[in-house]
Structures are given as structure tokens and as C-alpha cells.
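Okay, structure first, notes after.
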Amino acid sequence: MNNPITESFSGKNQLLPFRPMLAARPSLLKTGRKVRKPSFITEYPGQKPYTLVFEDDVLPPDVSGIQGVRVSSVEDVLHYQILLGDFCELYLSADYSQAHPEISGKLHLTVVRRKGTVSHPDKETTRRLLTRLPLNFKSLMQSPLAVLDGDRLPQPINREFVHKKSIRNALISEPLIEGKFLSFNMFDAIDEFRFDHESDHFQGMLILEAMRQASIAAAHILGQLPLDGGMTLLSYDTKFYNYIENTSPVILRTYSNFSCTGDDEERESYALCQLYQWGKLCTEATLNAYIFMSKEGYATHRIRSGRITERIKRQFDTKIDLLKKHSVNS
């Protein structure tokens with residue numbers, strides 16, 4: 001069945017399904033017969049946007065333009081393969097492969113066993129892997145996103161993907177999709193935010209709102225959340241490293257672990273957001289949220305939380321009245 005949410009983002013950078021080669025039976029490993037390598041292992045790096053390389057392996061000296069990502073374990077390789085899909089490859093030099101014959105076999109068998117039951121890495125693992133992952137400028141330069149000074153900014157994202165009534169309040173652009181990640185341009189102003197002075201850098205409130213919108217969009221576009229679904233933030237952990245100038249393009253990269261399972265259950269979810277300017281990480285955040293599959297579910301939550309708020313207010317008013325009476329009597 002066609003998906004109306006992702007059809008509008010079916011460009012050349014859309015995630016392709018990973019189809020591993022059939023594995024040799026585990027028993028063959030004991031007979032000395034050679035195990036075929038998984039299809040994402042390469043002896044010629046640079047064919048994919050990201051090339052994974054073990055920390056003690058060495059890239060060929062005669063190649064250039066490779067965007068290498070160092071990995072320390074087979075588990076890291078498998079997690080990157082889940083997150084990036086067809087946008088990554090693993091390079092194993094002949095010497096390293098000969099010294100570590102178990103790696104190809106372990107990767108091959110693990111991928112086959114995981115087929116159909118893929119589980120995403122947990123939040124802390126994903127955050128660690130994401131900090132090692134540079135922006136994919138090969139794809140960014142070929143996309144509609146603005147990367148260099150003077151590049152034209154793309155159109156704003158569909159307002160429904162960020163839960164806005166007006167497109168003039170969308171702070172992020174149409175996205176570039178790579179594996180389980182979305183990349184956006186961020187705009188420097190929206191109608192609903194007003195500041196009392198001009199600034200030469202992006203205001204903090206705009207940055208927070210842009211990352212909130214990106215997390216909502218990721219749940220819809222990649223997680224298949226219905227357009228009438230809702231989200232409420234539970235916590236927001238943000239780190240600021242550098243000012244973001246409003247005279248140059250900003251890239252906002254987002255990952256969300258949300259995936260719609262086809263039921264109406266509410267569930268917790270999280271998103272990881274990173275803002276880059278000139279390839280430099282300026283801000284990152286973890287957003288934890290509660291997802292609602294429909295407007296009715298979100299409305300029920302608002303009614304329930306409203307009742308809790310009223311009860312808290314009544315308890316507060318009662319406490320203040322008691323303090324006032326005690327003050328008068330004394």
C-alpha cells in the first residue's frame with residue numbers, strides 16, 4: 001500500500017531496502033570453507049556516502065574524498081547499518097580481513113539472523129554513534145538544501161508535518177532523507193515569534209522551536225505517525241556549543257526512534273537533533289515525548305492533564321488560605 005506521508009519525499013536520496021546475501025550455514029564455518037561477505041562489505045571504499053572503518057584498519061592511500069567513520073566493534077557496524085541503510089559500507093583491507101577472518105562470518109550470520117526482526121540501538125548508543133557521524137556533504141551538495149553562503153533556501157515543510165495552522169510558522173524546510181535521518185534547513189524567523197531587538201545570530205527560542213518541529217516531522221515522515229496524531233514533550237535536554245550566525249545556512253539533522261505499529265496505543269518516544277553551520281556542531285538536543293496516534297487520544301490526554309492541573313491549583317489555593325488565616329490569627 002502506498003504511503004501518502006513518504007510519497008512526497010521519494011527522491012534519489014530515499015532509503016533503499018537492505019537485502020543481505022544469503023548466508024552460508026553456520027556449520028560450514030567449521031569446515032574451513034570461505035564464508036561470503038555481506039553485501040555492504042567492500043574492498044573499494046568510497047562507493048557509498050559513509051565508509052565504516054575499524055579503528056586499527058587502514059584506508060588505501062590512493063583514494064580521496066572518502067567520508068570515513070571509525071568503529072570499534074561489530075555491534076557498532078551493525079547499528080550504523082540499521083541507522084544508515086544503503087548509505088553506508090564497511091571497508092575491510094585485505095591484511096585486516098586476513099588477520100580477522102571471524103569478522104566477515106560474524107557480520108554475515110548476525111545480519112541474516114536479524115532479518116525481519118531489526119531492533120534499533122538504544123538512546124545512549126544512538127547518541128554516541130551520532131556524535132561520530134559527520135554531515136553527508138556529498139548528498140547535501142546534490143540536494144535542494146542550502147549548504148553554502150548564497151545558496152537559495154528550499155521551501156518550508158508542509159505545515160501539517162509540524163502541526164502549524166500557517167506555513168509562515170514553519171521553521172524548517174522540506175527534508176533530505178538518508179536512512180533513519182532527516183536533514184533540514186532552518187529559517188531565521190516565523191510570524192508567531194517576536195523579539196524586541198535585532199540579532200546577528202539565531203535566537204535560542206527559535207532553535208528550540210526548530211528542533212521541536214523537526215522531531216514532530218520525523219515521527220510523521222519516517223515513523224509513519226498519522227497526520228492527525230499528536231505529541232506532547234516530556235523533557236528537553238539541550239547543549240549549546242557555538243553561536244549560529246543568521247547570515248549562513250544551517251543544517252538540522254534529526255533522528256527519531258518512533259515507529260508506528262498500526263495500533264492506537266500511546267507510547268513514549270525520543271528524538272535526537274543536531275544543528276550544524278559550516279560543518280561545525282553548534283547545538284544538540286534530546287527530546288523525550290509522548291506520542292498519540294489520533295486527535296482523540298491527544299484530546300483525552302489534555303482533558304486528563306487539565307484535571308490534574310486543576311487539582312494541583314486547588315491544593316495550592318487551600319494551602320495559601322491556611323497560611324493567610326494563620327497570619328491573621330497570629
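- Judged by distance alone, with hydrogens and angles left aside, the side-chain atoms of H79 form no donor-acceptor pair with the main-chain N or O of P121 at under 3.5 Å.
- With E89 contributing its side chain and P49 its backbone, the two residues share no donor-acceptor pair below 3.5 Å.
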- request: Take D57 and R70, measure what salt bridge (charged side-chain N to carboxylate O under 4.0 Å, His left out) needs, and give me the verdict at the end.
  value: CA-CA 9 Å; D57 199 358; R70 291 289 175 177; over 6 Å; no
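- Between Y96 and F54, a ring centre-to-centre spacing shorter than 6.0 Å is recorded.
- Under the 4.5 Å side-chain criterion, counting only non-hydrogen atoms from C-beta, S269 is in contact with S256.
- Rounding to the nearest 0.5 Å places NZ of K123 at 8.5 Å from CG of N257.
- Between T51 and V69, every side-chain heavy-atom pair lies at or beyond the 4.5 Å cut-off.
- Taking CG of L135 as the reference point, atom CG of L281 lies at 9.0 Å (rounded to 0.5 Å).
- Within the 3.5 Å criterion, the main-chain N or O of L287 finds no donor-acceptor partner in the side chain of D237.
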message: For a salt bridge (charged side-chain N to carboxylate O under 4.0 Å, His left out) check, start with the C-alpha distance between K164 and E209, then their side-chain angles and the critical distance, and finish with the verdict.
response: CA-CA 12 Å; K164 294 297 178 183; E209 172 63 13; 3.3 Å; yes
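- Using a 4.0 Å cut-off between charged side-chain N and carboxylate O, E310 and R307 make no salt bridge.
- We find that K313 and D317 are joined by a salt bridge, their nearest charged nitrogen and carboxylate oxygen being less than 4.0 Å apart.
- Between the side chain of Y270 and the main chain of F258, no donor-acceptor pair closer than 3.5 Å is present.
- Around atom CD of Q98, no more than 12 heavy atoms belonging to other residues, nucleotides or ligands sit under 6.0 Å away.
- Note: I312 CD1 to S305 OG = 10.0 Å, rounded to the nearest 0.5 Å.
- Q274 places no side-chain N or O within donor-acceptor distance of the main-chain N or O of T283, the cut-off being under 3.5 Å.
- There is a path of hydrophobic side-chain contacts, each under 4.5 Å, that joins L171 to I244.
- A donor-acceptor pair under 3.5 Å is absent between the side-chain atoms of Y91 and the main chain of Y44, judged by distance alone.
- Interatomic distance, CD of Q81 versus CG of L90, reported as 10.0 Å (0.5 Å rounding).
- Summarising the geometry, atom CG belonging to L252 is positioned 9.0 Å from atom OG belonging to S173; distances are rounded to the nearest 0.5 Å.
- At least one side-chain heavy atom of T238 sits under 4.5 Å from a side-chain heavy atom of L208.
- What you find for R128 and D76 is that their closest heavy atoms are NH2-OD1, 3.0 Å.
- No donor-acceptor distance shorter than 3.5 angstrom exists from the side chain of Q277 to the backbone of V250, with no hydrogens or angles considered.
- Contact annotation: the side chain of Y241 approaches that of E284 to within less than 4.5 Å [non-hydrogen atoms, C-beta and beyond].
- Ring to ring, F181 and Y255 are close: their centroids are under 6.0 angstrom apart.
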